Amino acid sequence: MSTLTKLALGVMGQLRPRPVKGDARATIKLPAPDKHGGLPLMQALAKRRSAREFATKPLPPPVLSSLLWAAFGVNRRGGGRTAPSAIDAQEIDVYVALPAGAYLYDAKSHALQLVAASDLRRVTGYQDFVDEAPLDLVYVADHARMKLIPVGQRESYASAAAGAITQNVYLYAASAGLATVIRAWIDRSAIADALGLGHDQQVLLSQTVGYPRR
Ligand SMILES: Cc1cc2nc3c(=O)[nH]c(=O)nc-3n(C[C@H](O)[C@H](O)[C@H](O)COP(=O)(O)O)c2cc1C
C-alpha cells in the first residue's frame with residue numbers, strides 16, 4: 001500500500017491489519033541463539049546503515065532467534081539484558097509483527113507469545129516497505145515498570161533504552177547481512193489499537209528487518 005493511501009487511512013483511523021498468512025501459533029519457542037561468530041564489532045560498526053529496500057524472503061527461525069536475543073535478550077544470570085535500562089527497569093517490550101501474527105518477545109523463555117492473530121506489518125508505519133518486509137519490530141514502553149523514575153523523565157529514559165535496542169538490531173543486521181531501519185514516522189494509536197495495548201503502554205518506535213532487496 002502506498003504511503004499516501006496509508007496517510008489517508010491513518011487520518012480516518014482506518015489503517016488496519018490484514019488477515020494472517022499461515023498459522024498464528026499461540027507460542028513460538030525460538031531455537032537457541034547463536035552467540036558465537038558474527039562479524040568483529042568494529043567491522044559491524046563499519047557496515048551499520050539504514051536501508052529501505054527489502055526482499056520478501058522470511059527470516060529463518062535461527063536468524064529471528066539470534067536477532068531478538070541480540071536486541072534485548074537475557075545475557076547473564078539474574079536476568080540482565082543485552083541493552084541497558086535505567087535502574088534496570090526493563091520497561092521496553094519488543095513486539096514482533098510477522099506475516100503469521102503479532103507476537104510479544106518473552107526474553108526470559110526466549111519465545112514469542114501471540115498478541116494478535118493478524119498480519120499487522122502494514123500498521124507499523126506509513127512507509128510502503130513495512131507491509132511486505134518479513135519483520136517489523138515495535139518498541140513499547142510500559143510506564144507501570146518506571147514507578148521509581150520521575151514522571152517527567154520516563155519518556156526520555158524509555159526512548160534512550162529503546163534506542164539502545166535498535167542499535168543492537170542494527171549491529172546484528174550488519175553482522176548477518178540483513179537490512180534494517182529504525183522508524184519514528186508511525187501511527188502510534190493505530191499500532192496501540194492493533195496490539196491491544198493498555199493505558200500504561202506507549203508505542204515509541206518501530207524497526208523493519210529483512211534481507212536486502214537485490
Ligand atoms: C529517532 C529516529 C527516527 C527515525 N525515523 C525514521 C523513519 O521514520 N523512517 C525512516 O526511513 N528512517 C528513519 N530514521 C533513520 C534515519 O533516517 C537514518 O538513521 C539517517 O538518515 C542516517 O542514515 P544511516 O542510519 O544509514 O546512517 C530514524 C532515525 C532515528 C534515530
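Read the numbers this way: they start at 1 and go in the same order the structure lists the ligands and their atoms. Given the structure is predicted, the values throughout are model-derived calculations rather than measurements.
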Item to check | Salt bridge present between Arg18 and Glu132 (N-O < 4.0 angstrom) | outcome: yes

Item to check | Spacing of Arg52 atom CZ and Gln127 atom CD [to the nearest 0.5 Å] | outcome: 6.5 Å

Next on the checklist: Donor-acceptor pair, distance only, cut-off 3.5 Å: does the side chain of Asp106 make one with the backbone of Ala111?
Outcome noted: no

Checklist entry - ligand 1: which residues have a non-hydrogen atom closer than 4.0 Å? => result Arg48, Arg49, Ser50, Arg52, Gln127, Val181, Ile182, Arg183, Ala184, Trp185

Checklist entry - How many angstroms lie between CG in Leu59 and OG in Ser66, if you round to the nearest 0.5 Å? => result 11.0 Å

Checklist outcome for this item: So CG of Leu112 and CZ of Arg25: to nearest 0.5 Å the spacing works out to 9.0 Å

Show me, pair by pair, the donor-acceptor contacts under 3.5 angstrom made by side chains of residues 198-213, not counting sequence neighbours?
unit_1: Gln201; atom_1: OE1; unit_2: Gly198; atom_2: N; d: 2.9
unit_1: Gln201; atom_1: NE2; unit_2: Tyr95; atom_2: OH; d: 3.2
unit_1: Gln202; atom_1: OE1; unit_2: His143; atom_2: NE2; d: 2.7
unit_1: Gln202; atom_1: NE2; unit_2: Glu155; atom_2: OE1; d: 3.3
unit_1: Gln202; atom_1: NE2; unit_2: Glu155; atom_2: OE2; d: 3.3
unit_1: Ser206; atom_1: OG; unit_2: Leu137; atom_2: O; d: 2.8
unit_1: Ser206; atom_1: OG; unit_2: Arg183; atom_2: NH2; d: 2.9
unit_1: Gln207; atom_1: OE1; unit_2: Tyr139; atom_2: OH; d: 2.6
unit_1: Gln207; atom_1: NE2; unit_2: Thr166; atom_2: O; d: 3.3
unit_1: Gln207; atom_1: NE2; unit_2: Thr180; atom_2: OG1; d: 3.2
unit_1: Thr208; atom_1: OG1; unit_2: Asp136; atom_2: OD1; d: 2.6
unit_1: Thr208; atom_1: OG1; unit_2: Arg183; atom_2: NE; d: 2.9
unit_1: Thr208; atom_1: OG1; unit_2: Arg183; atom_2: NH2; d: 3.2

